[in-house]
Amino acid sequence: MVVLLQRFPIVRMSDGTVTGWRNTISGAKALIATANTCALIGGYQERRDRVVLGRLDEGRYEPASEAPLVLPDGRSLPEQTYMVGRGPELHVFTAAMWYRLSLDDLV
């Protein structure tokens with residue numbers, strides 16, 4: 001029997017250097033990061049609104065906390081939500097609105 005393990009490494013390219021970290025969190029749709037802190041956003045099915053905050057340390061991503069991502073008024077994200085991470089900023093697009101969240105807001 002052959003078992004294939006899915007791997008979801010976190011990779012950074014900067015000034016021609018590639019750095020990678022092993023990661024056990026699967027299904028993230030977006031990520032936001034600073035030098036040593038990273039948040040993985042999204043997941044499969046019921047975890048589609050998940051935010052996992054952690055540290056990039058010695059070749060591994062070390063998750064520290066997990067919470068749901070909600071709209072500013074506390075409501076759950078709509079089914080049709082698109083998320084894009086750019087550096088330390090997460091952009092969340094719904095049918096009618098565009099939201100921005102900074103990694104500093106999560107730390």
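FYI, the numbering just counts along the sequence from 1. Since the structure is predicted, the reported quantities are computational estimates derived from the model, not experimental observations.
Atom OG of Ser102 sits about 7.0 Å away from atom CD1 of Ile32, to the nearest 0.5 Å. Note that NE2 of His91 is 13.0 Å distant from CE of Met83, once rounded to the nearest 0.5 Å. Between the CG atom in Asp104 and the CD atom in Glu89 there is a gap of 8.0 Å [rounded to 0.5 Å]. The SG atom of Cys38 sits 8.0 Å away from the CG atom of Leu103 when rounded to the nearest 0.5 Å.
Residues Tyr99 and Val51 are members of one and the same hydrophobic cluster, defined by side-chain heavy-atom contacts under 4.5 angstrom among Ile, Leu, Val, Met, Phe, Trp and Tyr. Leu31 and Leu53 sit in two unconnected hydrophobic clusters of ILVMFWY residues. Membership requires side-chain heavy atoms under 4.5 Å apart, directly or through other members.
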Go through the steps for Ile10 and Leu56 under the test side chain to side chain contact (heavy atoms under 4.5 Å, CB included), then give the verdict.
-> CA-CA 9 Å; Ile10 296 171; Leu56 301 170; 4.1 Å; yes
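Between Val52 and Tyr61 the shortest heavy-atom distance is O-OH, 2.7 Å. Between Val92 and Thr81, the shortest heavy-atom contact is CG1-CG2, 3.5 Å. The minimum heavy-atom distance between Arg12 and Thr34, with the atom names listed, is NH2-O, 2.8 Å. When every heavy atom of Val70 is checked against every heavy atom of Arg75, the shortest pair comes out as CB-O, 3.4 Å. For the pair Gly85 and Ala30, the tightest heavy-atom approach, listed with the atom from each and the gap, is N-CB, 3.9 Å.
Enclosure of atom CD in Glu46 by more than 12 non-hydrogen atoms of other residues, nucleotides or ligands within 6.0 angstrom is indicated. When the shell of 6.0 Å around CG of Asp73 is examined, it contains more than 12 heavy atoms from other residues, nucleotides or ligands.
Here the side chains of Val84 and Leu90 are not in contact, with every heavy-atom distance at 4.5 Å or above. Between Leu77 and Leu69, some side-chain heavy-atom pair lies under the 4.5 Å cut-off. By the 4.5 Å heavy-atom criterion applied to side chains, Lys29 and Arg48 are not counted as neighbours. Asn23 places a side-chain heavy atom less than 4.5 Å from the side chain of Leu40. Side-chain contact check for Pro88 versus Thr37: every heavy-atom pair is 4.5 Å or farther apart.
Between Glu66 and Arg47 a salt bridge is recorded (basic side-chain N to carboxylate O distance below 4.0 Å). The pair Arg55-Asp57 does not count as a salt bridge, with every side-chain nitrogen at least 4.0 angstrom from each carboxylate oxygen.
Judged purely by atom type and a 3.5 angstrom limit, Arg60 has no side-chain atom pairing as donor or acceptor with the backbone of Arg22. At least one donor-acceptor pair closer than 3.5 Å links the side chain of Thr94 to the backbone N or O of Met97.
Aromatic rings from Trp98 and Phe93 are positioned such that their centres are separated by under 6.0 Å.
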